[in-house]
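Each remark here refers to the structure printed beneath this line.
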Amino acid sequence: MTAGAPVLIQPVPSSEADVPDYMRQLERSAAYLPEDQRGQLRRAWAVGAAAHAGQTRRSGEPYITHPVAVAQVLAEQKVDVETLVAAILHDTIEDTPLTREQLAQEFGETVADLVEGVTKLDKLHFSSRQEAAAESFRKMMLAMARDLRVILIKLGDRLHNMRTLGAQPGPTRERIARETLEVYAPIAQRLGMNLIKAELQDRGFHALHPLRHLILEKHIRGQPMLRREAMAKIEAQLAQRLTNEGLQYRLVSRIKSPWSIYNKMRSEGKTFAQVMDVFGFRIVLHSVSDCYRALGVAHSVFKPLDGRFRDFIAIPKANGYQSLHTVLFGPYGSPIEVQIRTEEMDLIAERGIAAHWAYKHGMAPSGAQARAHSWIANLLESQRATGSSLEFLENVKVDLFPDEVYLFTPKGDILSLPRNSTALDFAYAVHTDVGNTAVAARVDKKLVPLRTKLVSGQSVEVVTAKSSLPKPQWLEVVVTGKARTAIRAQLKQLEHEDAVSLGHRMIDRALEDLGTSLDRLPQARLDGYLAELRYPRLEELLADIALGNRMPSQVAMALAQKDSAEDGAEPGQLQRRGERILISGHERGVISFANCCMPIPGDEIMGYHTAGKGIVVHRLDCPNVAEYRKSPDRWVAIGWDREVTGDYAVALIIETENKPGSLAEVAAAIAKADSNIEGVEYLERDANIAVIRFAIEVRNREHLADVIRRTRRLAVVHGVQRL
């Protein structure tokens, strides 16, 4: 015990009469634990009750009833004793004089770590879409990564708070309900804990929209006798056939919750009657082979609806959920939804990561826990590459609300991705380096572009090239948070490197105009200038110059002033002898091309230094250039490198005959000239003539001339001009 700390470790009551009912109830729920471990629970209660002595909840009950109730929630999930002890003590470090050291001495380091982890989470409050909330969410993921039991205790804590939410004032009640629906229920779902998820959703819905919840609940309870009779008849028919097949089974009917009905009505635009007009049953069996036999039985009793069968046993969901799902055409014209699974699958479907707790005795985590750890590890990899907590939260939301597709790697491994994922998402799911160097993919052995959307069951192989790099357009292709984070991180890195390189060339040119160079400047003067402007490194200054946040001429003047004085010349009288900056095509983010004139290699050009954008390149004959003459200090002498590479956007206005097939002929001619069409837009159209704007990509003026020649040769084309 820490020296000087209050003595809070109290003896366990010797008389059963001194043990309250709520504690006895917990011990009954924890009957699955050995007797000595149940003794630890009573010990934890004695310590917790002494620590919280005198504290009450808003309802007026002793405060200790809350942490014991949290442990009760978790005992119903049959978790390990350390989790239950930590649940009983989860508020002690924050709200009582009891210290982490005292807990560790009395109950061990693991319990102390769990309580400390939950204490940190208890300080987090979510207010949707604010930076603080996003940062809190990031911290929660970090705590979960260290020990998943931390989030189990937090979910139990939230569930008991929702059960006693009536004691809270209105605004607090609404805030807690909203964050429950937006954050905690989706986490419970992602961890496969459907029982806790369902209650969190229902109680959150009740607190947020009490009238809607009341009306839906009343409608559910008031279902007509006819429906109840129909349910019984369908159940009897299924049971009879399953028994005749010699199957050992448990058959239960499923009733939708107010929250699921409300969501379906809202998302699918259905009425209450349409949503409720679906019968639901679950068949639980002993083995996987029995599940497939039961599926055959169900399909022989009622006809299956085409395209409504899903096999989540062969390809489980990301959170470990397994079942056969089928929809049958019922005798009353209503669909019958049937789920078929084993007892073990049913346990995992209801309890998720808590189904088979495997932390003790050095056992490996269960499949559900391993998947949860893998998911959190991927999130943490994303957060390390993410600059903003808000961006991280948005990425996580993609993963918390997925409609999944299941895909095979060439080795037969299964990857699950959100609906509408592309081959590029798949590449980043395999590994960040695979995504960064991807050039194409083979889907079911056919070569496809990276933007191809994937569907369940496909086999995907990623084609990579060491020289390949992410492109900004990729952000419009991917849907997963991991891919988006990795692409942004790589683009930022590439842009920074290019900005530093370009800034170096710009400041050198400006210094050469003043008769010196960066290499010839005294290091002390350069260090002093960086310190004065609060730049930690020279690279940061160079990047800012390239991005237009610092004018190279002004920086050069400040750095070269002393040299100018020593040479006996005024800075303004120095000869300008700097050379043009040459565009090679490898610049990313620091040189952009104006949409007004769309310059391409071979055009006479000028650069304009724009704050935050770097150098914007215009053609010299661009009408907007006259406006820029008012700021000559922002002009940049710029030209094309002899070995310039890349594709450059340009627009053609093509006048064609307005008849079927004309546009296709023009598009074919452009494609034969090895040019990519980015967009097509009709500008004018009458009975005879169509004027079409083609946005295309070319390598240089010679390539553009070839495209124009090929299109002008077409009989359907009356005129071609560059915009």
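Atom set for the values below is all heavy atoms of this structure, side chains included, hydrogens, waters and symmetry mates excluded.
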Taking the side chain as every heavy atom from C-beta outward, state whether [X] and [Y] have any pair of such atoms under 4.5 Å apart.
{"X": "V252", "Y": "F281", "answer": "no"}
{"X": "Q102", "Y": "T99", "answer": "yes"}
{"X": "E106", "Y": "R43", "answer": "yes"}
{"X": "D202", "Y": "E199", "answer": "no"}
{"X": "W259", "Y": "H206", "answer": "no"}
{"X": "P258", "Y": "I261", "answer": "no"}
{"X": "L324", "Y": "R310", "answer": "no"}

Is a side-chain donor or acceptor of [X] paired with a backbone partner of [Y] at a separation under 3.5 angstrom?
{"X": "T485", "Y": "G481", "answer": "yes"}
{"X": "K482", "Y": "Y428", "answer": "yes"}
{"X": "E76", "Y": "A30", "answer": "no"}
{"X": "Q72", "Y": "L26", "answer": "yes"}
{"X": "Q322", "Y": "I313", "answer": "yes"}
{"X": "E94", "Y": "D91", "answer": "no"}
{"X": "R341", "Y": "C291", "answer": "no"}

In chain order, what residues pass the side-chain contact (heavy atoms from CB on, under 4.5 Å) check against [X], with sequence neighbours excluded?
{"X": "H209", "result": "F205, R212, Y262"}
{"X": "A49", "result": "W45, I64"}
{"X": "L305", "result": "R308, V327, F329"}
{"X": "V338", "result": "I283, T326, L328, I336, I340"}

With [X] via salt bridge (Lys or Arg N to Asp or Glu O under 4.0 Å) - residues at least two apart:
{"X": "R293", "answer": "D290"}
{"X": "R250", "answer": "E343, D346"}
{"X": "D21", "answer": "R24"}
{"X": "D113", "answer": "R100"}

Whether over 12 other heavy atoms sit under 6.0 Å from Q248 CD
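Atom CD in Q248 is not crowded, with 12 or fewer foreign heavy atoms closer than 6.0 Å.
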Nearest 0.5 Å, please: how far is [atom2] in [Y] from [atom1] in [X]?
{"X": "S253", "Y": "L238", "atom1": "OG", "atom2": "CG", "value": "11.0 Å"}
{"X": "K154", "Y": "Y184", "atom1": "NZ", "atom2": "OH", "value": "4.0 Å"}
{"X": "E217", "Y": "L214", "atom1": "CD", "atom2": "CG", "value": "7.0 Å"}
{"X": "Q37", "Y": "Y32", "atom1": "CD", "atom2": "OH", "value": "9.0 Å"}
{"X": "Q339", "Y": "R282", "atom1": "CD", "atom2": "CZ", "value": "5.0 Å"}
{"X": "E116", "Y": "E109", "atom1": "CD", "atom2": "CD", "value": "9.5 Å"}

Candidate list L181, I187, L159, L195, test side-chain contact (heavy atoms from CB on, under 4.5 Å), partner L200, passing option
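Among L181, I187, L159, L195, the one meeting side-chain contact (heavy atoms from CB on, under 4.5 Å) with L200 is L159.
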ring-ring contact (aromatic ring centres under 6.0 Å, His included) against H325, all qualifying residues, sequence neighbours excluded
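With sequence neighbours excluded, H325 shows a ring-ring contact (aromatic ring centres under 6.0 Å, His included) to F312, Y321, given in chain and number order.
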Residues in ring-ring contact (aromatic ring centres under 6.0 Å, His included) contact with H66, at least two apart in sequence or another chain
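H66: ring-ring contact (aromatic ring centres under 6.0 Å, His included) contacts with Y63, H90, H160.
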Search all heavy atoms of [X] against all heavy atoms of [Y] and return the closest pair with its distance.
{"X": "R173", "Y": "A207", "answer": "CG-CB, 4.2 Å"}
{"X": "F107", "Y": "V111", "answer": "O-CG2, 3.7 Å"}
{"X": "L152", "Y": "L74", "answer": "O-CD2, 3.4 Å"}
{"X": "S260", "Y": "S257", "answer": "OG-O, 2.9 Å"}
{"X": "V70", "Y": "G156", "answer": "CG1-C, 3.7 Å"}
{"X": "L89", "Y": "L103", "answer": "CD1-CD2, 3.7 Å"}

For N263, what residues pass the side-chain hydrogen bond (donor to acceptor under 3.5 Å, both in side chains) criterion, not counting sequence neighbours?
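With sequence neighbours excluded, N263 shows a side-chain hydrogen bond (donor to acceptor under 3.5 Å, both in side chains) to R266, given in chain and number order.
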Among all residues two or more places apart in sequence or in another chain, which pass the side-chain hydrogen bond (donor to acceptor under 3.5 Å, both in side chains) test with T110?
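With sequence neighbours excluded, T110 shows a side-chain hydrogen bond (donor to acceptor under 3.5 Å, both in side chains) to no residue whatsoever.
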For T96 and H52, run side chain to side chain contact (heavy atoms under 4.5 Å, CB included): C-alpha distance rounded to whole Å, both residues' side-chain angles, the deciding distance at 0.1 Å, then the answer.
CA-CA 6 Å; T96 78; H52 288 292; 3.5 Å; yes
State, without any angle test, whether [X] and [Y] hold a side-chain donor-acceptor pair at a distance under 3.5 Å.
{"X": "Y292", "Y": "D311", "result": "yes"}
{"X": "T180", "Y": "R203", "result": "no"}
{"X": "T480", "Y": "D425", "result": "yes"}

L84 vs L33, test: side chain to side chain contact (heavy atoms under 4.5 Å, CB included). Steps then yes/no.
CA-CA 11 Å; L84 296 181; L33 293 174; 3.8 Å; yes
Apply side chain to side chain contact (heavy atoms under 4.5 Å, CB included) to E174 and L208, showing your working.
CA-CA 6 Å; E174 184 177 327; L208 209 56; 3.5 Å; yes
May I have the step-by-step check of side chain to side chain contact (heavy atoms under 4.5 Å, CB included) for R158 and I196, ending in yes or no?
CA-CA 10 Å; R158 177 50 57 116; I196 287 180; over 6 Å; no
